[in-house]
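Data first, discussion second: the structure below is written as structure tokens.
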There are 2 protein chains.
Amino acid sequence: METATCTAPKGRPREFCVDEALGQALRVFWSKGYEGASLTDLTDAMGITRPSLYAAFGNKEALFRKALDLYEREKLCYMSLALDAPTARAVAERLLRGALEMQTSDFEPRGCLRVISSVACGVEAESIRDEVIARRKSSSDALIKRFEKAEAAGELPEHMNAEALSGYLIALLQGLALQAGAGASREELERLVETSLTVWPTK
Amino acid sequence: METATCTAPKGRPREFCVDEALGQALRVFWSKGYEGASLTDLTDAMGITRPSLYAAFGNKEALFRKALDLYEREKLCYMSLALDAPTARAVAERLLRGALEMQTSDFEPRGCLRVISSVACGVEAESIRDEVIARRKSSSDALIKRFEKAEAAGELPEHMNAEALSGYLIALLQGLALQAGAGASREELERLVETSLTVWPTK
DNA sequence: GCGATTATGTACCGATCATTATGGAAACAG
DNA sequence: CTGTTTCCATAATGATCGGTACATAATCGC
């Protein structure tokens with residue numbers, strides 16, 4: 001009865017690495033968006049056939065969700081880590097610099113998969129869009145919670161609350177991702193981060 | 001030889017108003033994006049048939065360009081007007097409040113057509129994407145020019161140049177549009193604008 | 001009245017979309 | 001070996017995509 005937990009490979013073994021294929025699928029979704037990525041694009045990049053894709057991942061939408069999980073786990077990990085910084089300003093700095101580092105990698109697509117997947121789209125992608133927006137909301141809530149701690153610690157200046165500061169910082173991060181996706185140079189993005197940090201309100 | 005300028009309607013007259021139909025097409029592109037808007041969506045909203053659409057506007061891409069022209073002419077006019085404000089801060093305030101007003105209209109789609117159309121997409125929309133990015137660059141250049149004037153007037157604080165400030169402000173506007181498109185409430189957007197103005201760097 | 005011209009409505013085109021039925025190949029247990 | 005299970009490859013599914021042929025209807029100058 002314990003066969004469920006042990007790896008008993010019955011039948012013909014799979015000829016490709018699921019994680020590797022998922023990574024390639026992520027890159028395609030990342031650079032083309034959910035609707036812009038066709039199954040041909042995906043299978044070509046993943047090096048597998050359509051039936052293999054469906055057998056291993058379910059369908060296009062399930063594949064996207066798994067790719068989004070991978071993206072958040074591997075590429076967005078700096079966001080939760082940033083919340084551990086000692087001050088609100090340090091949190092903002094880690095978020096901005098983390099985003100900058102990700103957006104200026106030479107080996108990954110530009111732009112943010114979350115941003116890309118949350119803009120207007122056809123009907124087929126609406127559930128995807130809703131889910132991405134929901135996931136972003138939970139990130140936003142975490143940031144608000146962190147800034148509320150800073151607020152309680154008296155870090156925030158007058159007439160500035162946690163929610164307002166959080167929304168403001170997220171807008172900057174979204175703008176950064178958008179400009180990166182539109183082909184902004186590394187210098188432009190660095191300048192944006194530096195300007196944001198210069199302007200950052202401290203008590 | 002002057003017949004080119006006069007309106008000589010030869011043949012069967014058109015049964016719909018081109019401008020009105022274009023306005024409806026704009027709303028569809030605005031809420032679904034270029035690729036997300038199918039010809040069926042467009043003709044349904046415009047109240048015309050496919051051949052009428054092609055006869056009047058050329059094809060989907062040409063229709064989008066005309067809709068984009070209309071959008072920039074009618075919905076983005078506040079942007080060029082904002083540049084006439086007396087100070088850099090006043091320019092920023094007009095831009096932020098103008099964007100807020102547009103994003104909180106009860107009768108128009110949320111989000112910004114330019115932002116929507118400049119994110120990642122399939123191959124068919126790449127030329128659209130490139131054009132939108134180019135148009136945004138010219139807006140950005142105009143803003144930089146305006147801030148250079150402010151810089152020359154000594155309005156900008158130390159370690160802050162026109163390009164940096166422009167990129168920063170545009171990032172905020174993009175974040176505003178993105179959050180509006182994702183369903184942010186009017187209060188959230190107002191708070192974002194107020195926070196941005198509170199934080200705005202003055203000498 | 002008459003062509004000439006242009007718009008409209010129907011019905012269709014080939015291409016591509018996501019998805020899958022089918023048949024054979026490769027591993028297992030017996 | 002046989003049977004079972006799972007994977008791979010080919011090729012097809014119906015639906016939808018953007019774009020059009022075609023015939024008809026409405027207005028022109030004459």
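Side chains included, hydrogens not; waters and symmetry mates left out as well; all remaining heavy atoms used. By convention in this document, chain letters (A, B, ...) are assigned in the order of the sequence lines, proteins followed by strands, and residues within each chain are numbered from 1.
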Checklist entry - Whole-Å distance between dT19(C) C1' and Glu124(A) CD? => result 13 Å

Item to check | Length of the CG-P vector between Asp41(B) and dG19(D), whole Å | outcome: 14 Å

Checklist outcome for this item: Between CG of Leu53(A) and P of dT19(C) the distance, given in whole Å, is 9 Å

Next on the checklist: Measure CD/Glu35(B) against P/dG18(D) and give the value in whole Å, please.
Outcome noted: 10 Å

Next on the checklist: Rounded to whole Å, please give me the gap between CG in Asp44(B) and P in dG18(D).
Outcome noted: 12 Å

Checklist entry - Quick one: do Glu101(A) and Arg97(A) make a salt bridge, cutoff under 4.0 Å? => result no

Next on the checklist: If we count only N and O atoms by modelled type, under 3.5 Å, do the side chains of Gln179(B) and Glu188(B) hold a donor and an acceptor together?
Outcome noted: no

Checklist entry - Taking protein heavy atoms under 4.0 Å as touching, what does nucleotides 3-16 of chain D look like 5' to 3' if B marks base contact, S marks sugar-phosphate-only contact and - marks none? => result --BBBSBB------

Next on the checklist: Rounded to whole Å, how long is the line connecting atom CG of Leu63(A) with atom P of dC17(C)?
Outcome noted: 16 Å

Next on the checklist: Classify the ring geometry of Tyr71(B) against Trp30(B): parallel below 30°, tilted from 30° to 60°, perpendicular beyond 60°.
Outcome noted: perpendicular

Checklist outcome for this item: Separation of dC17(D) atom P from Leu42(B) atom CG, nearest Å, is 11 Å

Checklist entry - Given the rule that a pair is Watson-Crick or G-U wobble with both distances under 3.5 Å, how would you write DNA chain C in dot-bracket, using | for pairs to a different strand? => result ||||||||||||||||||||||||||||||

Item to check | Closest-nucleotide ordering on DNA chain C, the 5'-leading residue of Gly58(A) and Thr40(A) | outcome: Thr40(A)

Checklist entry - Going by an N to O cut-off under 4.0 Å, is there a salt bridge joining Arg27(A) and Asp41(A)? => result no

Item to check | Identified side chain to side chain donor-acceptor pair (under 3.5 Å) partner of Ser118(B) from the options Arg129(B), Arg136(B), Gln174(B) | outcome: Arg136(B)

Next on the checklist: Ring-plane angle category for Tyr168(A) and Tyr168(B), please: parallel below 30°, perpendicular beyond 60°, tilted otherwise.
Outcome noted: perpendicular

Next on the checklist: Side-chain N or O of Tyr54(A) versus OP1/OP2 of dT19(C): is the shortest distance under 4.0 Å?
Outcome noted: yes

Item to check | Asn59(B) CG - dC13(C) P separation (whole Å) | outcome: 22 Å

Next on the checklist: Assess whether a salt bridge exists between Asp141(B) and Lys137(B), defined as any Lys/Arg side-chain N lying under 4.0 Å from an Asp/Glu carboxylate O.
Outcome noted: yes

Item to check | Touch class at under 4.0 angstrom, heavy-atom based, for Ala37(A) against every strand present | outcome: sugar-phosphate

Item to check | 4.5 Å side-chain heavy-atom contact, Tyr34(A) and Glu61(A) | outcome: yes

